[in-house]
Amino acid sequence: MWPLAKIELYKIFRRGRSYIGFVALAVIVAVIQLALYVDGANYVQFFIQQLEQSFNIQGKIINGNLVAYIILQTLVIQMPLLVALVTGDLLSGEAATGTIRLLATKPISRSNVVYAKFFAGSVYTLALVIWLGIISLLIGLMIFGRGDLIVLNSEQVSILRAEDTLWRFGGAMMIAFLSLTVITTFSMMLSAFTDNSIGPIVATIAVVIIFTIIGTMEFPLFEKTNPFLFTTHMIVWRSMFAEPLPLNQLLISVSVLTGHIIIFLGITLYYFNRKDILN
Amino acid sequence: MSAESIIRLQHLSKHFGNFEAVNDLNLEVKSGDVFGFLGPNGAGKSTTIRMMLSLIKPTAGNIFIFGKNLFESRSKILKRIGCIVEKPDFYLYLSAEKNLELFGKLSGIIPSKNKIAELIELVGLKGRAKDKVKTYSHGMKQRLGLAQTLIHDPELIIVDEPTTGLDPQGIIDVRQLILRLKNDFRKTVLLSSHQLNEVEQIATRMAIINKGKTIVQGEVSELLSTSDLIVSVEVGNVEGTKQLIQNSSWISKLKLTDNSHMDFNISKEEISALTKFLVERDVRVFSVHYKRTLEDYFLKLTNQQNLLTNR
């Protein structure tokens, strides 16, 4: 399967479309970093006004760690879109261009085609996450310097020492990768059902948006369904910045996300192996 | 000793809901054949070919290729087949040589640069090997498609309507390439087409299917007799020639006349006698050729079958 996976990787990284995500991330991050550089003090002041009534906050609040955290918060919706742009096309793109006929008439099993595409899609997703890490954290640290990270959420304020943040960012990136791999397998599953390139990409984005909206609605009905929606667990990376670390919650979310990956991949394998290639 | 059977289809059927695309089809292709797989559009040729290549699953029946059941030995069989299904498709954003390299690897081999260069030259694309396939014309893609079928040196080549959409020169080039596959490379070729004259020119054996069923199969030379041709003669003065014909025994063979052509139903041997008759009477003969279409052949077969039924 390794030669096939290498071919899939080669195909992904030879297409111009695959670099849209990298460029888009660079642009978004640069814009946020510029805005925070120019007007960051006012922006942060707005959030810590209440806090300053009870605490005396000293030192450099806007630093590379906070900037990277703000960027991660902002990109939580956009990243699935950028991933689906490539992975939603993995099988249906081959069907649309007719190359699926060539692939399926070669002496390789259809299961191996799916595994190779899943592998290549996951590597692409990991590359996007690493890229985000480099441009948000490394460049952020270079421009804004190091410092303690103040994390505000609805329940608590966490102040994390600068030397305590790197591993948390690493963990957050790992969870972000796992979350985005759910998007990879979900869009690939939709991609197996159709012969056009755009449908699975649009459908994936639509589902992410719908699930995210449902997840924010506090109706009793949705309270029962929300724990089963993958979007509910995609934001669990934030827990990596909580003190103490909510290990139980992290474990549940990682398990749910992994379960979704297995289910989506299983459906893809089942359907694609039985599919009549008619295009 | 009879040649080894390369493809054997037994009672093959494929239904899409209530539609019977292929219905109880039997077919045999022998080693060394250029096998013409004929039928009008929608006859079930592409569906049959797709079943042979495991792109779609049959509703019923068996497929044996190289003596093995396709569904038990899929990978082993596909390793020995090169194919173009419907139209040659490639990764348009890659060059021709990169496409060939990828498809070679997918077929289980790592093709050498020399091998790729040889194939590119064989199909007449030398000088364009490094160009992206998106810059290729349909004819060039068709030729690259044939190179792709050969990249892993398979024993059996399956090509589906290889001349569709090509200009006259492209059609000639592709036909010559297919003949080279048989003569120079000793490949067995299954070629689907809806043009009888195409199959007649390059195939050794053929089968005709219609509505998913085999109508006839056998040696091309036996099936396409030369005793019952439609011969079209292009003459200078149709009205004058028509009067000459009316006063001769050829009148019984004259079938159709238009502004410049006269069609006769005669044997191949009678062509020279007819031409001599016309030339000796100072008729200007511009061209003589016989035409045989799948439609004509179908009508003939149908008439024969009706006669047998009425007896």
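Chain letters run A, B, ... following the sequence lines, proteins first and then strands; every chain starts at 1.
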Worksheet item: Highest number of heavy-atom pairs under 4.5 Å with chain B: which of A:Leu4, A:Ile100, A:Ile277, A:Leu103?
Response: A:Ile277

Worksheet item: With respect to chain A, which residue among B:Lys76, B:Glu86, B:Lys105, B:Gln148 yields the maximal number of heavy-atom pairs within a distance under 4.5 Å?
Response: B:Gln148

Worksheet item: Going by residue number, which parts of residues 115-127 of chain B are within reach of chain A, meaning a heavy-atom gap below 4.5 Å?
Response: none

Discussion item. With a 6.0 Å cut-off (strictly less than), is the heavy-atom count around NZ of B:Lys57, excluding the residue itself, greater than 12?
Written reply: yes

Practice prompt. May I ask you to check whether B:Tyr91 and A:Glu94 show a side-chain donor-acceptor distance below 3.5 Å?
Written response: yes

Worksheet item: Given the options A:Arg110, A:Arg101, A:Arg15, A:Lys11, which has more heavy-atom pairs under 4.5 Å with chain B than any of the others?
Response: A:Arg101

Item to complete: Tabulate, in ascending numerical order, the residues of residues 14-21 of chain B having at least one heavy atom closer than 4.5 Å to a heavy atom of chain A, or enter 'none'.
Response: B:Lys14, B:Phe16

Response to the item:
The reported gap from OH in A:Tyr10 to CD in B:Glu101 (rounded to nearest 0.5 angstrom) is 7.5 Å

Discussion item. Under the criterion side-chain contact (heavy atoms from CB on, under 4.5 Å), I'd like the reasoning laid out for A:Asp276 against B:Leu55: C-alpha separation, chi angles, the key distance, then a yes or no.
Written reply: CA-CA 6 Å; A:Asp276 280 345; B:Leu55 286 171; over 6 Å; no

Practice prompt. Report the distance from atom CG of B:Leu102 to atom CZ of A:Arg14, rounding to the nearest 0.5 Å.
Written response: 9.5 Å

Worksheet item: How long is the span from the CD1 atom in A:Ile7 to the CZ atom in B:Phe103, to the nearest 0.5 Å?
Response: 9.0 Å

Discussion item. Does B:Leu106 form a side-chain contact (heavy atoms from CB on, under 4.5 Å) with A:Ile108? I'd like the steps, not just the answer.
Written reply: CA-CA 7 Å; B:Leu106 288 170; A:Ile108 39 178; 3.8 Å; yes

Discussion item. For A:Lys275, I'd like to know if atom NZ has over 12 heavy atoms of other residues, nucleotides or ligands within 6.0 Å.
Written reply: yes

Worksheet item: So how far is it from A:Thr105 OG1 to B:Ile77 CD1, rounded to the nearest 0.5 Å?
Response: 13.5 Å

Practice prompt. Answer yes or no: does atom OH of A:Tyr37 have more than 12 heavy-atom neighbours from other residues, nucleotides or ligands under 6.0 Å?
Written response: no

Practice prompt. Please report the C-alpha distance between B:Phe90 and A:Thr97 in whole Å, then the side-chain angles of each, then the deciding distance to 0.1 Å, and finally whether the side-chain contact (heavy atoms from CB on, under 4.5 Å) criterion is met.
Written response: CA-CA 8 Å; B:Phe90 295 96; A:Thr97 57; over 6 Å; no

Item to complete: Give a yes or no on whether A:Phe13 atom CZ has more than 12 heavy-atom contacts from other residues, nucleotides or ligands under 6.0 Å away.
Response: yes

Practice prompt. Please step through side-chain contact (heavy atoms from CB on, under 4.5 Å) for the pair A:Lys106 and B:Leu78, ending with a clear verdict.
Written response: CA-CA 6 Å; A:Lys106 297 296 172 195; B:Leu78 291 180; over 6 Å; no

Discussion item. Just checking A:Phe22: does its CZ atom have more than 12 heavy atoms from other residues, nucleotides or ligands closer to it than 6.0 angstrom?
Written reply: yes

Discussion item. Surrounding CZ of B:Phe71 (heavy atoms of other residues, nucleotides or ligands, distance under 6.0 Å), is the total greater than 12?
Written reply: yes

Worksheet entry | Considering all heavy atoms, the nearest A:Ala104-B:Ser54 contact | O-OG, 3.9 Å

